[in-house]
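Structure, as structure tokens:
Throughout, numbering of the chain's residues begins at 1 and tracks the sequence. On a predicted model such as this, the values are computed, not experimentally measured, just so you know.
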Amino acid sequence: MEDLGTVAWPLTPIRTERLVLRASEARDRPAFVELYASPEVHTYLGGARPRDEIERAVPAVPARWPGSFVVELDGTMAGQILLRRAPGSPRPAAEGLADLGYLFLPHAWGHGYATEACTAVLAWCDGVLPGEPVALTTQSANTASLRLAAKLGFTEVERYQEWGAEQWLGLRPPVTPSP
């Protein structure tokens, strides 16, 4: 993954009505392991990897790089928002763009936390990367993710086959900063 350019990191935590978005800390490691090992979380991501493999691979302070936000709910990690550039995208429409991704532990599903957290990250992105469009890819079968993409202002650019399933690619147009 490429970085986000001159974005300062770690960031000052972003607070929403119910959440804190922040850089990862060592105390988040068990939640990262659970997130990456969860079969439910990885239903549309090719399936979960074995927990012992994840335990060996996850560092003491996981995912501490610009664009990786821990979503904290009531003092505990509930998910992760990723904003990154993926060089060599198989889809020309997404090449070089910031790409939004999100993973939440199952106990956090269905409460609007993903909408709240992604909205805050996209607002942050508009401030640090003004005028840039953002891409989002999900499996077409992931109806919850498609609903979230629509709420966030992403519109379909194309559908394509990859990793044995139909994928949906959406773009959020650049937000023009107001003078």
Just verifying a value: how many Å separate Q167 CD and N142 CG, rounded to the nearest 0.5 Å?
10.0 Å
Less than 4.0 angstrom from a charged side-chain N to a carboxylate O is my criterion; do [X] and [Y] meet it?
{"X": "R64", "Y": "E25", "answer": "no"}
{"X": "E116", "Y": "K151", "answer": "no"}
{"X": "R56", "Y": "E53", "answer": "no"}
{"X": "E55", "Y": "R49", "answer": "no"}

Is a side-chain donor or acceptor of Q139 paired with a backbone partner of Y44 at a separation under 3.5 angstrom?
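Indeed, once roles are kept as given, a pair shorter than 3.5 Å links the two residues.
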For R29 and P62, indicate whether the former's side chain and the latter's backbone hold a donor-acceptor pair under 3.5 Å.
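Side chain of R29 to backbone of P62, a donor-acceptor pair under 3.5 Å: no, none is there.
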Of L35, L105, L21, the residue whose pairing with Q80 passes side-chain contact (heavy atoms from CB on, under 4.5 Å)
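Single side-chain contact (heavy atoms from CB on, under 4.5 Å) partner of Q80 among L35, L105, L21: L35.
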Nearest heavy-atom neighbours spanning L11 and A23:
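For L11 versus A23, the nearest heavy atoms are CD2-N, 3.8 Å.
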Around atom CZ of R27, are there more than 12 heavy atoms from other residues, nucleotides or ligands closer than 6.0 Å?
yes
Check R18, R15, R22 against E72 for a salt bridge (Lys or Arg N to Asp or Glu O under 4.0 Å) and give me the one that passes.
R22
Steps toward side chain to side chain contact (heavy atoms under 4.5 Å, CB included) verdict (F69, W124):
CA-CA 11 Å; F69 297 81; W124 174 84; 3.5 Å; yes
Are V33 and F104 in one and the same hydrophobic cluster, where Ile, Leu, Val, Met, Phe, Trp and Tyr link if side-chain heavy atoms are under 4.5 Å apart?
yes
Identify whether V20 and V70 are in the same connected component of the hydrophobic contact network (ILVMFWY, side-chain heavy atoms under 4.5 Å).
no
For the residue pair V134 and L83, establish whether any side-chain heavy-atom pair is separated by less than 4.5 Å.
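Yes, at least one pair of side-chain atoms sits under 4.5 Å.
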Is there a side-chain contact between P106 and E40, using heavy atoms and a 4.5 Å cut-off?
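Yes - at least one pair of side-chain heavy atoms lies under 4.5 Å apart.
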